[in-house]
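Side chains are part of it too, since the values below use all heavy atoms of this structure and drop only hydrogens, waters and symmetry mates.
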Amino acid sequence: MKRWKALPWAVVGTFAAVVSHGASADPLPTSAMTPPLAADANPMSFELGPLGKTFVTGAIGGLTLTQDRVSPGDESSRADLSNAQVFIQKTDGVLQFYLQVGTYSLPALGTPYLRASTITRDTYGVLPEGYLKFAPDTRFNIIVGKLPTLIGAEATFTFENMNIERGLLWNQEPAISRGVQANYAKGPLTVSVSLNDGYYSDRFTSVSGLITYALNPRDSVTFVGAGNAGHSAVSSLATPPAQNNGQVYDLIFTHNAGPWTITPYLQYTHVPASPSLGIPQDASTAGGALLIKYSFTAAFSLAGRGEYIRSTGRDAGGGANLLYGPGSDARSLTVTPTYQFKIFYLRGEISYTRAENLTPGAGFGALGIDKSQIRVLAETGILF
């Protein structure tokens, strides 16, 4: 495939997040949120002439973090914004739109924490998501712009997920892509197909797809996959060259019953050898995760996540580093209690990440040789 420079991306789409992350507790289709957090049940709306009814909502929050075995350039403790974003959307009619504007941080297990100002500047900008959507009927639509990924069981921003931090499997996945996507839903079946720029590479040679089947009102199964049909040497904070030139596949099961939400999923990634890109041999990862949430009351819940992931390769062969060096593996455990009262929320988190068979310099601590890290976080804010 050739690079499609003419593909419009100034506006963006998040309908994909609704499809890929299941039913949302909030009354609007975007931003899609996995309980326990829920958006305002009575969102602000305005009649804007020919645009019709337009909703204005948002997420404002801050976090504190403390951790051991700090990597160079990181800090043992800090406070920062987690979100200062406004969402503007029109959700009816043949032509619809969504705009997400503001700043954000993207905390993830096993990686140094970067401030919201740095993340916003060096990844997806002050318009990380938004879309123009053509919806001729209730079953079919096309979106174009900066799209949330179809891949994985966790969304990009802190307020969208059970846990404050994203997990080890999420670190292998694209987060936001520029492109075009078609969505179709009928009965228990949902299908999405997208042509996009993968890991935000600005090279429109990646294809992703999703199939979800609702087994019953409580259970659904989803298969998603993505791959690059071309080659790209682009490298940035948002675009890891190895993953951007590979494929990723997830099999996700979701169970919702009363106070329980249980989501186990499996993931496999493959990066083919490409000497011209500095990848002399094939590399891959395989892993699994279990996400669980239990609501004790309407206001208080407890979420947990356990993960394991391993990578192939060896240092002697110059293998691609997809984790903590070629041939390394890692596991994690995260616990997140959450309290929400109307639009206000407060939650804490403790996480443990451990790497094995790591390459010296690729691990934790000042020298990159430590095998584990503990983090403690707290986040508070409003969802209006």
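Shown are Thr336, Leu169, Leu109, Ile292; of these, the side chain to side chain contact (heavy atoms under 4.5 Å, CB included) with Arg305 is made only by Leu109.
Taking hydrophobic clusters as Ile, Leu, Val, Met, Phe, Trp and Tyr residues chained together by side-chain heavy-atom distances below 4.5 Å, Leu99 shares a cluster with Leu48. Clustering ILVMFWY residues whenever any of their side-chain heavy atoms sit less than 4.5 angstrom apart, transitively, puts Val207 in the very cluster that holds Val144. Under a hydrophobic clustering in which Ile, Leu, Val, Met, Phe, Trp and Tyr are joined whenever their side-chain heavy atoms come within less than 4.5 Å, directly or via other members, Phe157 and Ile164 fall into different clusters. One hydrophobic cluster, built from ILVMFWY side chains closer than 4.5 Å, cannot hold both Val221 and Ile262; they sit in different ones. Residues Ile60 and Val86 share a single hydrophobic cluster, defined by chaining ILVMFWY side chains whose heavy atoms lie under 4.5 Å apart.
A donor-acceptor contact shorter than 3.5 Å is absent between the side chain of Thr338 and the backbone of Ser301. Looking only at distances, no side-chain donor or acceptor of Asn244 sits under 3.5 Å from a matching main-chain atom of Pro240.
Residues Ser82 and Gly62 approach most closely at OG-N, 3.5 Å, considering heavy atoms. Minimum heavy-atom separation, Gln100 to Ser31: OE1-OG, 3.3 Å. Shown here for Pro36 and Gln340, the closest heavy-atom pair between the two residues is O-OE1, 3.8 Å. In terms of heavy atoms, Gly152 sits closest to Asp250 at N-OD2, 3.1 Å. Leu323 and Ser311 get closest at one heavy-atom pair: CB-OG, 4.0 Å. Nearest heavy atom pair, residue Trp170 against residue Tyr265, reads N-OH, 4.3 Å.
For the pair Arg178 and Tyr200, the cation-pi test (distance below 6.0 Å, angle within 45°) is passed.
Ring-centre distance between Phe159 and Phe87: below the 6.0 Å cut-off.
Between His270 and Tyr268, the ring planes are parallel. Angles under 30° get that label, and only those over 60° would be called perpendicular.
Residues Asn141 and Gln181 have side chains that never bring a donor and an acceptor to within less than 3.5 angstrom of each other. The closest side-chain donor-acceptor pair between Asp80 and Tyr113 falls under 3.5 angstrom.
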Take Phe223 and Tyr213, measure what ring-ring contact (aromatic ring centres under 6.0 Å, His included) needs, and give me the verdict at the end. CA-CA 9 Å; Phe223 175 76; Tyr213 189 83; over 10 Å; no

Worked check of ring-ring contact (aromatic ring centres under 6.0 Å, His included) between Tyr339 and Tyr345: CA-CA 6 Å; Tyr339 175 79; Tyr345 73 89; over 10 Å; no

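Checked for salt-bridge contact, Arg203 and Asp197 miss the test: no charged N lies under 4.0 Å from a carboxylate O. A salt bridge links Arg347 with Glu379: at least one charged nitrogen is closer than 4.0 Å to a carboxylate oxygen. Using a cut-off of 4.0 Å between Lys/Arg side-chain N and Asp/Glu carboxylate O, Glu307 and Arg331 are scored as not salt-bridged.
Screening residues 225-236 for side chain to side chain donor-acceptor pair (under 3.5 Å) gives Thr205-Asn228, Ser236-Thr239 as the qualifying pairs, with residues at least two apart or on separate chains.
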